[in-house]
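Structure first, commentary second.
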Amino acid sequence: MARLKNLAGLRAAGIDPYPARARRTHSIAAARALYAQEGETRQPVTVTGRLRRIRVMGKMSFADLEDGSGSLQLVLRRDALPGDFYDVVWKRLIDLGDFIGATGPLVVTKTGELSVEVQEVQFLSKTLKPMPDKWHGMRDPEKRYRRRSVDLLANPPVRDLFRTRAAIVRAVRTYLDNEGFLEVETPILQPLYGGAAARPFVTHHNQLHQDLYLRISFELYLKRLIAGGYDRVYEIGRDFRNEGVSFKHNPEFTQLEFYEAYADYQDVMRRTEEMVSFVAQQVNGSPLLTWQGQTVDLTPPWRRIPLRQAILDATGIDYENYPDAVSLADAMHRFGHEPDPRSSWGKLVDSLMAKHVEPNLIQPTFLIDYPRDVSPLAKGSPDDPRQVERFEGFLVGMEICNAFSEINDPIDQLQRFVDESYRARHGDDEAHPIDEAYLEALSYGMPPTGGFGMGIDRLTMLFVDADTIREVILFPHLRTVKEEEVAEGELAEGDGEP
RNA sequence: GGGCUCCUAGCUCAAUUGGCAGAGCAACGGCCUUUUAAGCCGUGGGUUCUGGGUUCGAGUCCCAGGGGGCUCACCA
């Protein structure tokens, strides 16, 4: 391997291939700013970074140096460099991808490219693997996700994507902090899971001889904080759901939840559109986004459609006419659908929505007023016992958030949990377990509260025009490969060679 | 989990009916003091994902396995 030979060559030349320290006077962005202010400099600057391209033209070379702030051309002349550095070190021992520092004045070349006229080079770090194709980068999705560091260094747009993601999270925090919400952290390892309809991951605490669940939501803990006297709380963190993987599902994902005392689901709906359009303004400078060729306008107010109406429009089925699972499933059959015979009435309604309504909700839309029996934590509508005060928000054909007026009647909540445990006994492995600690907290009293949960990954997909959630998660879940051929044997073997 | 589909050099991709595994970039050797996907001349580079099978002959066809992508089911 040529690079290992060059590594040994550097050592032989008395150059430490992995020094502990780098000197630099300017980031590349700062060097560019300096030029913008002062023009060509007499005083040398020192910039550091990775060599992305090298163009050797005999006794003179051009190279592109890249750091986290940008990239800058280096001009190296044999005559301007000390001793035989140019011929021996630069042309022989330094490879594409190596990190170096370069010192010299800022100049502009004949073709107008701002450059460092290099007088001195410090070697900073040796690269042993070849860089991916300089033009095509690395495209194979599997390679990109498994070797994300290579993806990031080869494909600059990917680096920008995760900056955007960070900006989104920052903007969400800014919004909620400004609105008086307190950011809190609640347990990820939970003795009892809850707050969503999903199967959990199970783990075990050895010393306590106790099985624990990785949380599927933050909901119940956050509401215990509302009961405890904080009026506005939020948490941004990871949820874990033991479910399938798809373009919009990763086993762990980033969730925002907030709870607001003295608010109902209508208040939360208004806050949702306000918050998301604020984020768009902060991150994007505009409420208009382009996603997969479609323009999405986040300007409030968003459309509000009762779930019943949306399903009626999309399928011709008015579920109010079929008040039980049997008759609704029968109606679905007649309209050419294939309902899961084990589903409850509410799950049938939900499946009609997911299949026939959700994919068409490109512009931001709230579906409101959900069936009670798929919403065990949502407060019932005063005028319809079968419905709850709940909404879900949709964008680009995906559900991005879910919210409701929270049940604060401990006896009502107990009854819902009992209903859920009935479902669990009849084979629903996503039924909500009874949470005594939560019920106890409610028994001490919780004000009327609006609650909200939103998938940050999916929101990010909209902002960065991604068509799969894997694109917006740095290390998405992939199966582990049997023999991950890490090049250790290869390295050890080659290292012995001169 | 089911269905469909893909896996070839470090990277991006070719390879006719089943007939000598190739190109560009990268690497290596040479020329080159204003290039920016630099250029020109030359060289090396392969467990064609793995294991079986059919065949005179398999990257190509068949079977099993691994991994990816899409999709259905389920979940946010």
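Convention: sequence-line order gives letters A, B, ...; per-chain numbering from 1.
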- Query: Among B/U12, B/A27, B/G67, which nucleotide sits nearest the side chain of A/Arg3?
  - Reply: B/A27
- A/Tyr370 six-ring face occupied by A/Arg390 cation (under 6.0 Å, within 45°): yes
- Looking at B/U34, does its base get a donor-acceptor pair with the side chain of A/Glu113 below 3.5 Å? no
- Message: Does the structure show a Watson-Crick or G-U wobble partner for B/C25, both distances under 3.5 Å? Name it, or say none.
- Response: B/G10
- Message: Under 4.0 Å from OP1 or OP2 of B/A38: is there any side-chain N or O of A/Arg55 that close?
- Response: yes
- Message: Does a side-chain N or O of A/Arg53 approach OP1 or OP2 of B/A38 to a distance below 4.0 Å, or not?
- Response: yes
- Query: When we call it a touch if two heavy atoms are under 4.0 Å apart, what does A/Leu96 touch: a base, just sugar-phosphate, or nothing?
  - Reply: sugar-phosphate
- Indicate whether OP1 or OP2 belonging to B/U34 is found under 4.0 Å from a side-chain N or O atom of A/Lys110. no
- Give a yes/no on whether any side-chain N or O of A/Arg146 is located under 4.0 angstrom from OP1 or OP2 of B/G68. yes
- Item | Paired nucleotide for B/G39 [Watson-Crick or G-U wobble; both distances under 3.5 Å] | B/C31
- With the side chain defined as heavy atoms from C-beta on, A/Tyr145 is closest, among B/G69, B/U34, B/C11, to B/G69
- Message: With a 3.5 Å limit on both atom pairs, tell me what B/C4 is paired to, counting Watson-Crick and G-U wobble, or say none.
- Response: B/G69
- Message: Regarding B/U35, can its base be found pairing with the side chain of A/Thr109 as donor and acceptor, where the two atoms are less than 3.5 Å apart?
- Response: yes
- Task: Check whether any side-chain nitrogen or oxygen of A/Arg479 sits under 4.0 Å from OP1 or OP2 of B/G68, and answer yes or no.
- Result: yes
- A/Arg139 (side chain) and B/U12 (base): donor-acceptor pair under 3.5 Å: no
- Short side-chain N/O contact to B/C31 OP1/OP2 from A/Lys59, under 4.0 Å: no
- Ignoring hydrogens and angles, does a donor from either the side chain of A/Asp133 or the base of B/G24 sit under 3.5 Å from an acceptor on the other? yes
- Query: Got a second to check how far A/Asp350's CG is from A/Leu307's CG, nearest 0.5 Å?
  - Reply: 8.0 Å
- Message: Over all strands shown, is A/Arg52 touching base, sugar-phosphate only, or nothing at heavy-atom distances under 4.0 angstrom?
- Response: nothing
- Message: Please check this pair: side chain of A/Asp419 against backbone of A/Tyr422, looking for a donor-acceptor N/O pair closer than 3.5 Å.
- Response: no
- Item | Out of B/C32, B/A26, B/U35, whichever nucleotide has its closest atom nearest the side chain of A/Lys134 | B/A26
